[in-house]
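Here the structure is laid out as structure tokens; the discussion comes afterwards.
Here is how names work: the chains are called A, B, and so on, in the same order as the sequence lines, proteins then strands, and each is numbered from 1. Side-chain atoms are counted along with the backbone in the values below, which use heavy atoms only and exclude waters and symmetry mates.
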4 protein chains.
Amino acid sequence: MASREERKEKITRFRHEQILAAALDVFSRLGYDRATVPDVAREAGVAVGTIYNYYPGKRDLLVAITDEYVIHPFTHLISESRTADDFSYITGLLENRLTFGLEGVNRFLPLLSEAQRDPELRRSYAEKVVRPVMDIMGRYATSKMKEGTFRDIDPSIVTRAIGGMVIGFMLLYRIEGEESPVHKTDRKKLATEMAKLILDGIRKV
Amino acid sequence: MASREERKEKITRFRHEQILAAALDVFSRLGYDRATVPDVAREAGVAVGTIYNYYPGKRDLLVAITDEYVIHPFTHLISESRTADDFSYITGLLENRLTFGLEGVNRFLPLLSEAQRDPELRRSYAEKVVRPVMDIMGRYATSKMKEGTFRDIDPSIVTRAIGGMVIGFMLLYRIEGEESPVHKTDRKKLATEMAKLILDGIRKV
Amino acid sequence: MASREERKEKITRFRHEQILAAALDVFSRLGYDRATVPDVAREAGVAVGTIYNYYPGKRDLLVAITDEYVIHPFTHLISESRTADDFSYITGLLENRLTFGLEGVNRFLPLLSEAQRDPELRRSYAEKVVRPVMDIMGRYATSKMKEGTFRDIDPSIVTRAIGGMVIGFMLLYRIEGEESPVHKTDRKKLATEMAKLILDGIRKV
Amino acid sequence: MASREERKEKITRFRHEQILAAALDVFSRLGYDRATVPDVAREAGVAVGTIYNYYPGKRDLLVAITDEYVIHPFTHLISESRTADDFSYITGLLENRLTFGLEGVNRFLPLLSEAQRDPELRRSYAEKVVRPVMDIMGRYATSKMKEGTFRDIDPSIVTRAIGGMVIGFMLLYRIEGEESPVHKTDRKKLATEMAKLILDGIRKV
DNA sequence: CATGAATGAGACTTCATTCAT
DNA sequence: AATGAATGAAGTCTCATTCAT
């Protein structure tokens with residue numbers, strides 16, 4: 001049974017999440033600089049002062065968002081990653097990433113922009129997200145090359161090219177908006193086509 | 001010989017460029033929101049008031065930068081594009097884009113971030129930059145497919161995947177910074193490896 | 001034996017004192033304006049809300065401090081004062097005041113500063129502290145003059161000059177801090193020298 | 001003839017003074033903490049932003065006030081001080097100080113209070129005001145003692161006692177306000193009586 | 001035209017006070 | 001009676017823009 005202490009902590013945790021979710025929403029929509037703390041408060045349905053009871057300042061919201069919604073999920077993802085052994089793995093992963101990404105593109109790309117400006121945030125992304133993901137992909141590629149399944153290409157480059165492709169695709173998707181010819185294409189098809197490109201390139205043998 | 005009128009117009013044009021270059025510099029370094037008009041004035045070596053004699057407001061600087069430094073070059077580029085007929089074309093173009101891009105990544109990626117937030121800017125990018133470039137690439141790809149040189153892949157997707165790859169690669173490059181394993185790799189090699197990936201994929205035949 | 005009622009009242013009184021002592025401490029250290037109610041609560045070891053169960057507001061703490069720690073002791077002091085008849089009386093009193101004052105200078109001078117700003121507090125000090133003390137000293141001086149022991153000087157002025165000397169000395173002591181040449185002089189000596197000055201002046205006869 | 005440069009600098013200096021005078025006025029009246037920057041702006045007849053064009057922040061106003069209205073005059077005063085040789089000197093000085101002080105008591109005592117709370121300000125007062133003044137007085141007293149005119153009293157103590165007397169007298173004057181019996185006494189009389197006290201004490205020989 | 005001092009709306013943040021538990 | 005999370009008014013400071021010189 002929940003003691004008073006436990007109940008209180010639960011509420012505290014809930015408030016943290018509630019405010020952070022609101023901050024993510026508002027920062028994504030308006031950008032960190034244009035978003036105001038009252039905006040976040042309104043979105044969270046609390047008073048301005050309440051935000052400051054849970055986070056020391058506006059910038060801490062940004063850092064917490066990064067930790068909670070980017071670093072944390074990726075850390076999780078990475079710890080679960082194991083080398084798959086069939087080609088459908090790539091398609092599946094791509095589909096998964098794309099579906100997730102295109103859904104969340106309006107939420108997460110703005111954060112990436114912010115990261116470009118805040119040195120501390122940039123480092124976090126580099127160390128906690130980009131590097132580990134590239135390392136996993138690189139190890140996978142290397143093993144495949146040794147095994148003779150993959151062509152011999154510099155793993156550091158190819159992983160960044162493929163990772164970049166996913167991100168860049170989403171970025172263009174976001175910039176083109178509803179007018180993009182791929183806007184209504186279903187994710188499975190997008191993933192399949194991109195996987196084909198990655199696996200076999202555009203040139204006919 | 002330059003009449004007084006012409007001289008005057010020349011000076012006017014020079015001031016416009018002087019201020020715009022300063023604005024590009026400052027906006028890239030600090031981001032549009034954090035950059036202040038006095039910052040731009042200082043960089044341009046003019047008084048704050050002078051800026052307002054040439055541009056109606058801060059936001060107009062951003063729009064003008066986009067026109068002058070992104071839309072305009074791309075329009076030019078596009079008007080010159082003609083379908084090349086050998087594969088080295090892709091490598092060359094990639095190398096060109098990458099060299100240009102990785103050099104300018106610190107200048108232009110921030111603008112792209114801004115574009116995500118400003119609806120009018122986003123439209124400009126979509127209509128004047130992304131769409132035309134994708135169309136050109138698409139036409140090239142389609143002709144190659146008809147010709148039987150390229151595999152049959154959805155052109156809208158493949159062009160956005162490849163275009164995205166270039167942008168995404170630069171974004172990762174910027175986020176990873178000097179710690180990136182590809183930070184010191186020379187551009188020719190980067191371009192070659194990426195071209196290999198695009199043309200033939202990672203899978204051994 | 002203590003009935004429940006009595007016990008309750010005892011606790012109530014204790015809480016009042018506990019909070020007031022904390023407030024005195026915090027107000028002295030930070031100044032009334034910079035001290036926060038949570039500061040006082042922390043110092044008192046109670047919750048913020050508890051303070052409001054005992055005092056209506058922050059300012060009431062200041063008033064209560066003044067009553068409890070300044071007016072009350074002085075009222076007491078004054079009621080006990082009787083005209084002493086030998087000169088050592090002055091030295092003794094001075095030593096007593098100085099010892100008390102220099103010890104408490106960090107606690108009470110800040111309150112005096114506050115009093116300068118708050119009209120109601122100023123009146124309290126004027127009516128309940130300054131005036132009565134000056135009256136007692138004045139009556140003492142007058143009787144000594146009549147008796148022929150003291151020179152003929154305006155009692156209102158001389159009492160305020162001497163009282164002011166004690167306060168002003170402490171103020172300088174506090175401002176000069178540890179670098180003051182009198183910082184380590186013992187109180188007896190300070191009192192003796194000041195008494196000599198008051199009684200016989202600096203001029204040799 | 002004033003060039004444009006000179007004129008501009010003159011205006012700048014004037015604005016500095018105008019704002020500083022307003023700040024002195026407002027800080028004295030309300031105390032540093034309760035005074036708001038808009039208060040100062042209103043008093044100075046300028047916009048809030050203008051204040052920040054001349055002083056980096058609120059606290060800098062306080063520091064500048066101290067420099068301009070306390071340290072600077074005292075430095076001046078001290079550099080002019082020379083040992084006088086007749087007793088009327090003390091009366092004259094006292095009268096001068098008192099007249100100045102009682103007039104300015106509402107302006108300067110509040111600053112002294114502030115100095116108690118701000119460590120940096122306290123040091124300034126100690127080093128730049130209190131110490132030099134005490135040194136001058138001390139040297140004067142010592143020479144008089146050597147000369148045989150003054151009784152043998154510890155100079156550090158006696159100077160601080162007399163200096164404190166002046167300050168403390170003003171403080172009481174301010175606290176008692178209009179109800180003080182000395183409130184309407186003319187300054188000459190106050191100075192004379194205090195000089196008598198200082199020179200010959202209260203005890204009849 | 002160029003200048004830059006003046007402006008004031010609006011941002012972030014603090015904290016006295018309340019009140020449901 | 002005690003608690004401390006929630007509140008929002010109010011403070012400090014920034015900066016896009018204007019306009020007299």
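Applying the salt bridge (Lys or Arg N to Asp or Glu O under 4.0 Å) test to every pair with at least one member in residues 50-69 of chain D, sequence neighbours left out, gives these pairs: D:R59-D:D118, D:R59-D:E120. Within the structure, the salt bridge (Lys or Arg N to Asp or Glu O under 4.0 Å) test picks out the following pairs touching residues 16-26 of chain B (sequence neighbours left out): B:D25-B:R29.
Here F:dG11 presents its P atom at 18 Å from CG of D:L62, a figure rounded to the nearest Å. Per the geometry, CG belonging to B:D39 stands 8 Å off P belonging to F:dA16, to the nearest Å. Atom CD1 of D:I51 is separated from atom C1' of E:dG8 by 13 Å (rounded to the nearest Å).
Applying the salt bridge (Lys or Arg N to Asp or Glu O under 4.0 Å) rule to C:E9 yields the partners C:R13; only residues at least two apart in sequence or on another chain are considered. For the side chain to side chain contact (heavy atoms under 4.5 Å, CB included) test, residues two or more places apart in sequence or in another chain that qualify with D:D33 are C:D33, C:R34, D:E114. Legend: residues meeting salt bridge (Lys or Arg N to Asp or Glu O under 4.0 Å) with B:R42, ordered by chain and number and at least two apart, are B:D39. Listed by chain and number, the residues in a ring-ring contact (aromatic ring centres under 6.0 Å, His included) with D:Y32 are D:F27 (sequence neighbours excluded). Shown here are the side chain to side chain contact (heavy atoms under 4.5 Å, CB included) partners of B:P73, two or more places apart in sequence or in another chain: there are none. Applying the side chain to side chain contact (heavy atoms under 4.5 Å, CB included) criterion to C:Y54, with sequence neighbours excluded, gives C:T12, C:R15, C:H16, C:I19, C:T50. The ring-ring contact (aromatic ring centres under 6.0 Å, His included) test applied to D:Y69 returns no partner, not counting sequence neighbours.
With pairs defined as Watson-Crick or G-U wobble and both atom distances under 3.5 Å, the stems of at least three pairs that touch DNA chain F come out as E:2-21 with F:2-21.
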- [ ] Starting at the 5' end of nucleotides 13-21 of chain E, put B wherever the base has a protein heavy atom under 4.0 Å, S where only the sugar-phosphate does, and a dash everywhere else.
- [x] BBSSBB---
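The shortest distance between side-chain heavy atoms of D:L24 and D:L111 falls below 4.5 Å.
Nearest to the side-chain atoms of A:Y54 among the listed nucleotides E:dC1, E:dT3, F:dA6 stands F:dA6.
Interface residues of residues 11-25 of chain B facing DNA chain F, ordered by number: none; criterion, heavy-atom separation under 4.0 Å.
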